[in-house]
There are 2 protein chains.
Amino acid sequence: MNTAEHIINTATLLLQKNGFNAFSYHDISRQIGIKTSSIHYHFPGKHDLGKSIMKNYRALHNSELKRIDSESSNPVKKLQAFGELFICTLGDEFRMCPCGMLTTDINTLPEPIKEEVQGFFTDSEAWLASVLKTGIEQGLFSIESNHNEFAKTLFASFEGAMLSARAFKDKARLSKTIKQLIKLIQT
Amino acid sequence: MNTAEHIINTATLLLQKNGFNAFSYHDISRQIGIKTSSIHYHFPGKHDLGKSIMKNYRALHNSELKRIDSESSNPVKKLQAFGELFICTLGDEFRMCPCGMLTTDINTLPEPIKEEVQGFFTDSEAWLASVLKTGIEQGLFSIESNHNEFAKTLFASFEGAMLSARAFKDKARLSKTIKQLIKLIQT
DNA sequence: GTTATTCTACCTATTAATAGGTAGATAGAA
DNA sequence: TTCTATCTACCTATTAATAGGTAGAATAAC
């Protein structure tokens with residue numbers, strides 16, 4: 001792993017745990033044994049770093065979605081696997097999704113980061129929408145509203161459940177919500 | 001309005017817009033024309049201020065729930081009114097719920113604030129649970145899972161939808177999710 | 001093949017700005 | 001007089017960011 005990657009990984013964790021405005025170059029510097037100026041060499045400003053964090057995380061997330069697609073074609077199992085992704089992200093340290101984290105900070109962020117955050121939303125929503133569509137066609141799901149619209153609701157709910165789990169340091173708050181929502185739309 | 005209230009109101013808005021670690025005593029001081037030291041007089045530390053913000057907001061929110069109870073006894077209408085509360089909070093400036101905002105910052109906050117944040121969750125969840133219970137008894141709602149558990153899911157989903165609306169500066173993302181979820185549980 | 005040059009990846013040292021916080025003076029009200 | 005609320009005038013710590021320098025690898029010129 002090269003230094004730039006090391007910085008991104010460390011910063012991603014700090015973002016997930018504390019938020020964008022609650023970690024500093026010094027925090028990263030201390031953790032990986034490198035001076036703050038060296039971080040500036042790789043990422044001139046904190047906003048550059050923020051954008052790189054999101055770009056990287058988004059790519060990782062999308063490759064996970066591809067993996068799920070390759071492992072199963074059952075819409076119900078796909079939704080469960082998607083939920084598992086969230087549970088895995090939360091982990092034992094109650095890490096929030098970087099995308100959700102940056103959304104609260106969105107007013108203090110420049111346009112390039114916003115675009116990346118929105119991109120993360122739309123990527124996931126598009127994937128969920130296609131899973132829902134297939135599920136509806138196969139008679140597995142019953143949703144009165146449009147599948148594209150419901151995909152947004154589903155994603156937002158998962159993000160919210162992550163937040164809730166974080167507030168109580170209670171993983172069940174996430175897993176139960178995922179189970180409930182999947183159950184609710186099943187025929 | 002006295003100064004302490006003025007400070008709380010100003011700080012609440014700043015918290016809702018930018019997050020706890022993204023506003024300063026100076027920001028408040030500038031907005032209400034008072035020195036930062038005067039804010040320290042009313043709220044010795046930022047954490048004291050944070051706790052007061054949540055206490056105040058929680059009380060306000062609970063009185064809104066009482067108002068809803070007094071205005072209607074129909075569970076569906078109550079849920080809609082609850083949703084309206086969220087839409088109203090979001091407003092035209094896409095203000096996040098202070099509780100959701102502090103949840104992302106939770107790792108950087110002391111215990112007293114955490115308790116207040118969790119209290120906001122449990123207050124709302126308990127209210128939602130009782131509305132759901134009545135609705136189920138009246139045959140208006142159909143939820144396979146326990147109403148207490150589903151109340152948590154509902155609240156988390158609303159918070160998440162708020163986040164999503166904020167990310168896109170799109171109020172419909174919140175209102176549509178509220179509508180969809182209420183519709184989904186109706187018989 | 002050797003020399004000259006440029007690039008990479010870090011360093012030390014410092015900056016201007018801002019953070020939260022404190023001590024002590026002061027003016028007015030109870 | 002004493003209390004309340006505010007002020008002036010600081011302090012210490014931290015922030016993101018920059019300047020300037022260096023060892024060593026890679027590349028180009030001769």
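- Residues B:Phe150 and B:Leu128 fail the side-chain proximity criterion, which asks for heavy atoms closer than 4.5 Å.
- In this entry the distance linking NE2 of A:His26 with C1' of C:dT12 reads 15 Å, nearest Å.
- For A:Thr3, whose side chain is taken as the heavy atoms from C-beta onward, the closest listed nucleotide among C:dC10, D:dA16, C:dA19 is C:dC10.
- Atom CG of A:Asp27 and atom P of D:dA13 are 17 Å apart (whole Å).
- Residues passing the side chain to side chain contact (heavy atoms under 4.5 Å, CB included) test with B:His6 are B:Met1, B:Thr10, B:Ile32, sequence neighbours excluded.
- Residue pairs meeting the salt bridge (charged side-chain N to carboxylate O under 4.0 Å, His left out) criterion with at least one member in residues 8-25 of chain B, sequence neighbours excluded, are B:Lys17-B:Glu93.
- At a non-hydrogen distance threshold of 4.0 Å, nothing from residues 4-12 of chain B comes into contact with DNA chain D.
- A donor-acceptor pair is defined here as one N or O able to donate and one able to accept, closer than 3.5 Å; such a pair exists between the side chain of A:Ser29 and the backbone of A:Ile34.
- Within residues 40-53 of chain B, the residues approached by DNA chain D to less than 4.0 Å at the level of any non-hydrogen atom are B:Tyr41, B:His42, in residue-number order.
- For the side chain to side chain contact (heavy atoms under 4.5 Å, CB included) with B:Leu15, the lone residue among B:Ile53, B:Leu49, B:Asn21 that qualifies is B:Ile53.
- Taking NE2 of B:His47 as the start and OG1 of B:Thr108 as the end, the distance is 6.5 Å to the nearest 0.5 Å.
- Listed by first and then second residue, the side chain to side chain donor-acceptor pair (under 3.5 Å) pairs involving residues 154-169 of chain B are A:Asn107-B:Lys169, A:Ser157-B:Ser157, B:Ser164-B:Arg173 (not counting sequence neighbours).
- In terms of modelled atom types and a separation under 3.5 Å, the side chain of A:Tyr41 and the main chain of A:Thr36 share no donor-acceptor contact.
- For the ring pair (Phe, Tyr, Trp, His ring centres under 6.0 Å) test with B:Trp127, the passing option among B:Phe121, B:Phe155, B:Phe82 is B:Phe82; the others fail.
- Tracing side-chain contacts under 4.5 Å through hydrophobic residues (I, L, V, M, F, W, Y), one never reaches A:Leu13 starting from A:Ile39; they form parts of separate clusters.
- To the nearest angstrom, P of D:dA9 lies 22 Å from OH of B:Tyr25.
- To the nearest angstrom, P of C:dT18 lies 17 Å from CZ of B:Phe23.
- Contacts with DNA chain C (heavy atom under 4.0 Å) in residues 29-39 of chain A: A:Ile34, A:Lys35, A:Ser37, A:Ser38, listed by number.
- Crowding of B:Asn2 atom CG: a count of heavy atoms from other residues, nucleotides or ligands under 6.0 Å exceeding 12.
- Atoms CD1 (A:Ile28) and P (D:dT14) sit 17 Å apart, rounded to a whole Å.
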